[in-house]
Amino acid sequence: MFKQVKSALFWYYLIKFRRRIILIVLLLIIALFANAIYADVVEYLTLKKKLEFLEIVLLVKWIIIIFNIVFSIYLLLTMFKKEEEKEISVKKEKKKIFKETSKKEETSNEKFTDREKQFLYKKKLKNKADILIDK
């Protein structure tokens with residue numbers, strides 16, 4: 001039973017965050033292949049006897065590896081925060097809408113005189129359907 005729940009959660013999050021997961025996997029693959037690409041570039045530069053570029057190539061390799069790893073970690077850490085931010089923004093929007101409607105109601109109530117307000121709140125107007133239901 002526990003394995004089924006664990007598997008269901010795994011597949012749910014895998015499908016939900018598939019774009020991010022694919023991006024993370026691609027970044028890590030690039031980081032892993034950076035060493036192989038570096039070896040080929042070093043071999044090429046030694047054949048062409050342009051050893052002055054080896055330092056630049058080494059720096060570029062490590063910049064690529066570190067950037068990919070740090071960006072992957074950032075994507076993993078912010079994966080679940082976006083859901084919370086969306087929920088918070090939805091709640092804020094609902095509050096704004098509620099405030100706007102309450103302000104509109106207040107301004108519409110101010111348009112009425114005291115006598116009209118008493119009539120609206122104390123008297124219950126009945127339409128034909130309400131009268132038929134009461135009978």
Side-chain angles (χ1 to χ4, degrees):
M1 177 71 180
F2 180 71
K3 288 183 180 181
Q4 292 174 342
V5 172
K6 192 168 69 171
S7 177
L9 286 174
F10 173 77
W11 284 106
Y12 170 75
Y13 285 117
L14 184 67
I15 291 171
K16 186 173 184 178
F17 299 114
R18 65 183 171 268
R19 286 184 183 168
R20 277 195 175 214
I21 293 171
I22 290 171
L23 182 61
I24 291 168
V25 168
L26 288 176
L27 288 171
L28 293 177
I29 288 172
I30 290 171
L32 293 174
F33 281 116
N35 196 28
I37 294 169
Y38 170 75
D40 288 341
V41 171
V42 167
E43 187 177 338
Y44 173 76
L45 290 174
T46 53
L47 287 174
K48 292 291 184 172
K49 296 183 181 178
K50 296 184 178 182
L51 301 177
E52 64 270 5
F53 296 116
L54 286 178
E55 183 179 321
I56 296 170
V57 173
L58 180 67
L59 287 174
V60 170
K61 170 192 146 182
W62 282 108
I63 289 172
I64 290 171
I65 290 173
I66 291 172
F67 173 77
N68 287 341
I69 291 172
V70 169
F71 192 59
S72 297
I73 291 170
Y74 170 76
L75 289 175
L76 284 172
L77 293 177
T78 60
M79 189 178 297
F80 296 104
K81 287 186 179 180
K82 291 209 174 203
E83 290 178 358
E84 295 170 2
E85 291 174 1
K86 287 179 184 178
E87 291 174 2
I88 292 170
S89 65
V90 168
K91 288 179 183 177
K92 286 181 182 178
E93 289 177 12
K94 287 181 181 178
K95 286 182 182 178
K96 286 181 184 177
I97 291 171
F98 179 73
K99 287 179 182 178
E100 289 175 359
T101 55
S102 64
K103 286 180 183 177
K104 288 180 183 177
E105 290 175 2
E106 289 175 5
T107 56
S108 64
N109 287 342
E110 292 173 1
K111 293 178 184 176
F112 297 119
T113 63
D114 291 333
R115 185 172 181 195
E116 291 171 336
K117 288 179 185 177
Q118 289 176 353
F119 178 76
L120 287 173
Y121 293 119
K122 290 184 180 177
K123 302 278 183 178
K124 290 185 178 180
L125 298 177
K126 293 185 178 182
N127 57 14
K128 290 181 181 179
D130 291 334
I131 295 171
L132 289 174
I133 291 174
D134 289 338
K135 290 183 181 179

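Side chains are part of it too, since the values below use all heavy atoms of this structure and drop only hydrogens, waters and symmetry mates.
Residues L59 and V41 fall into different hydrophobic clusters, defined by Ile, Leu, Val, Met, Phe, Trp and Tyr side chains chained together at heavy-atom separations under 4.5 Å. L28 and V70 fall into different hydrophobic clusters, defined by Ile, Leu, Val, Met, Phe, Trp and Tyr side-chain heavy atoms under 4.5 Å apart, directly or through other members. Both I64 and V57 are assigned to one and the same hydrophobic cluster, defined by single-linkage of ILVMFWY side chains at heavy-atom distances under 4.5 Å. In the hydrophobic cluster analysis, where Ile, Leu, Val, Met, Phe, Trp and Tyr join through side-chain heavy atoms closer than 4.5 angstrom, I65 is grouped apart from L26. Under the 4.5 Å side-chain heavy-atom criterion for grouping Ile, Leu, Val, Met, Phe, Trp and Tyr, Y44 is connected to L51 within one hydrophobic cluster.
Expressed to the nearest 0.5 Å, how far CG of L54 lies from CG of L58 amounts to 8.5 Å. A distance of 10.5 Å separates CG of L45 from CD of E43, quoted to the nearest 0.5 Å. Here F71 contributes atom CZ and I66 contributes atom CD1; the two are 16.0 Å apart, rounded to the nearest 0.5 Å. Taken to the nearest 0.5 Å, the CD1 atom of I21 stands 13.0 Å off from the CZ atom of R19. Note that CH2 of W62 is 10.0 Å distant from OH of Y38, once rounded to the nearest 0.5 Å. To the nearest 0.5 Å, the span separating CG on L76 from CZ on F17 amounts to 10.5 Å.
When each of L32, I69, L75 is tested with L27 by the rule side chain to side chain contact (heavy atoms under 4.5 Å, CB included), just one qualifies, namely L75.
Within 6.0 Å of CD in E52 there are more than 12 heavy atoms belonging to other residues, nucleotides or ligands.
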Start with the C-alpha gap between I24 and M79, add the side-chain angles, then the distance that decides, and say whether side-chain contact (heavy atoms from CB on, under 4.5 Å) holds.
CA-CA 11 Å; I24 291 168; M79 189 178 297; 4.2 Å; yes

